[in-house]
Amino acid sequence: MAGTDLPGTGERPITLSVRDASVVYRPSADTKRSLRDSLLGRAQRSREIHAVEGVSFDLAAGDILGIIGSNGSGKSTLLRAIAGLIPLESGSIYARSIPTLLGVGAVLQPKLSGRRNIIIGGLALGLDKMTLRDRFDDIVRFAGLGEFIDLPMQTYSSGMRARLLFSVSTIVRPELLLVDEALAVGDASFKRRSLKRLRSMAQDAGTVVLVSHKLGEIRGSCNRVIWLEKGEKRMDGEPAAVIEAYKDHWKAQDEAEAEAEQG
Amino acid sequence: METSLAKQSSTTALDGLIDVSASRTVPEYLADLWRLRNFMAEVPRADLRARNMNTLLGNVWYLVSPLLQVGVYFLVFGEILGVDRGLQNFLGYLTIGVFLFRYSQQCAIAGAKSLTTNEGLIKSIRFPRAVLPISAVTAETLALVPALGVAIVITILTGEAIEARWLLFIPYVALLVMFTMGIAFITARLNETFRDIQNILPIFFRLTFYLSGILYSIDRFTAEPDTPQWVLNVARLFPFNPWYSLITLAKSSILAEVDAPPEIWISAVSWSIVALIGGFLLFKAGESTYGRN
């Protein structure tokens, strides 16, 4: 198929295509209206936040894309849009299969034990009972939860939650995995194991999108980096070049600030 | 060479890719649901097991609590107020009615809560959200089966003769399950838009309970010679009440003294189909809004 033979993706088939994607938040329109407000026809404030604006990129099987940018640059929003969890204002996102999002804030069911959460999470990902039973020990071992497995998830540390979610989400070997800072809270040994798993997934023709503040993590695992600023794509290319430009930008910013303080 | 390929990338390269932001058509959505059948089979069973685990009698409360309720109604409305109006098997009449009504009410409330209690799951994993109200109703339905077994035993003990028409009880209860599923879809959607619904539902069901002929038989009142005209007028409205029609239909298969005229039958079947399909479509229309806050 000629169409898959694209510049930038080589011979590999495209697994994710983001075209001119924009996400707009309207905070008041999204919040729950009480019955009273609706009955009184209370006007809603029309404040718009352009979280992502006109971002485009294509990824192919085997790609590990890193997304960097300052806080509030739209990284997580873009990831949630790719996961299909929030609607686009304009543009389109096409994917080979439904992406799996792995986020650090996700807690599944805090009152239930880790064991129940693994079962519920696995079933919600479409696993059947037998497969889940077969892989259960693997999931628990990878998450390194030990005796905590039967305690409610709300008693877990953020690192333990992240490990459990990572373990559940990657056991199905999604073709398209989106990772949002989830590795940031793990300890060094978990980070090493999870990066290894991400690389092996990419080798199995999977595609990974990684959002992180840890530039070293991005440099060590990605083959392409996108730098987002104020929702727009600022730079896109080789990890070393983009990370260098990103660092220079902040250095210049810091210097300008220091000068302003002095003067 | 490169430019021509790059041009193609905006069109043909999308072959075989799916639009992640597109809302699913009804057949696609149903296929997604089918893929999660394991979830809908396993989660309700585990939920049921986990409930009441901390109480002394555990799951026995599922039977004891409605039975105590039936006992209270029997004493107050049957023995003291005499609302039974000569029904031979008032205890059986009460038991089936109370059990089925409670089931429907609990499904509506569980449906309303299903999205809010699973917010973490909704925010982390993409799956058809309808599995949540369906799982909630499935859990209640699994709990209903032993309760109905007890209700049947009570009607036998209170002198009801076993007949071939008892078999109709199963399809008649199935109609109620369909209707209730539709109601749970509706309450789930409404609860996402208006949180007030959780405060309104108990009042709504309390009112409906008294209007659905659970504690009395409206036919017994209209059959009396000196019935006032307004009672006759109100009685004509009863078949429009889905709970009245569906529960009366179920009772008619077990209890010899309860009749289900055609209007009851038509109402029960129409309500169950309309509520199920309408509720599902209403729920699906809100799919992208669930768990967004």
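The analysis underlying the following values was restricted to heavy atoms, covering all of them including side chains, and did not include hydrogens, waters or symmetry mates. We name chains A, B, ... by the order of the sequence lines, and we start the count at 1 in each one.
Of residues 127-136 of chain A, those residues lying under 4.5 Å from chain B by any heavy-atom pair are A/L127, A/D128, A/K129. Identified by a heavy-atom distance below 4.5 Å to chain A, the contributing residues of residues 107-117 of chain B are B/T117, in residue-number order.
Here the straight-line distance linking atom OH of B/Y290 with atom CG of A/L85 works out to 15.0 Å at 0.5 Å rounding. Expressed to the nearest 0.5 Å, how far CD1 of A/I86 lies from OG of B/S288 amounts to 11.0 Å. Rounding to the nearest 0.5 Å gives a distance of 6.5 Å between CD1 of A/I120 and CG of B/D47. We find the CD1-CD distance between A/I119 and B/E42 to be 8.5 Å, quoted to the nearest 0.5 Å.
Heavy atoms from other residues, nucleotides or ligands lying under 6.0 Å from CZ of B/F280 number more than 12. Remark: B/E28 CD is packed, more than 12 non-hydrogen atoms of other residues, nucleotides or ligands lying under 6.0 Å away. Within a 6.0 Å radius of CZ in B/F240, no more than 12 heavy atoms belonging to other residues, nucleotides or ligands are found.
Proximity to chain B (any heavy atom under 4.5 Å) is shown, for A/A21, by neither the backbone nor the side chain. Contacts between A/A83 and chain B at a heavy-atom distance below 4.5 Å involve the backbone alone (N, CA, C, O). Neither the backbone nor the side chain of B/V131 has a heavy atom closer than 4.5 Å to any heavy atom of chain A. Proximity to chain B (any heavy atom under 4.5 Å) is restricted, for A/S97, to the backbone atoms N, CA, C and O. With a 4.5 Å cut-off on non-hydrogen atoms, B/N118 touches chain A through its backbone and its side chain both. Neither the backbone nor the side chain of A/L112 has a heavy atom closer than 4.5 Å to any heavy atom of chain B.
Residues B/L17 and A/I14 have side chains in contact (heavy-atom distance under 4.5 Å, counting atoms from C-beta outward).
Here the options are B/I18, B/V20, B/D19, the test is side chain to side chain contact (heavy atoms under 4.5 Å, CB included), and the partner is A/Y94; only B/D19 passes.
Contact tally against chain B (heavy-atom pairs below 4.5 Å) for A/G121, A/G126, A/P99, A/A124: the top residue is A/A124.
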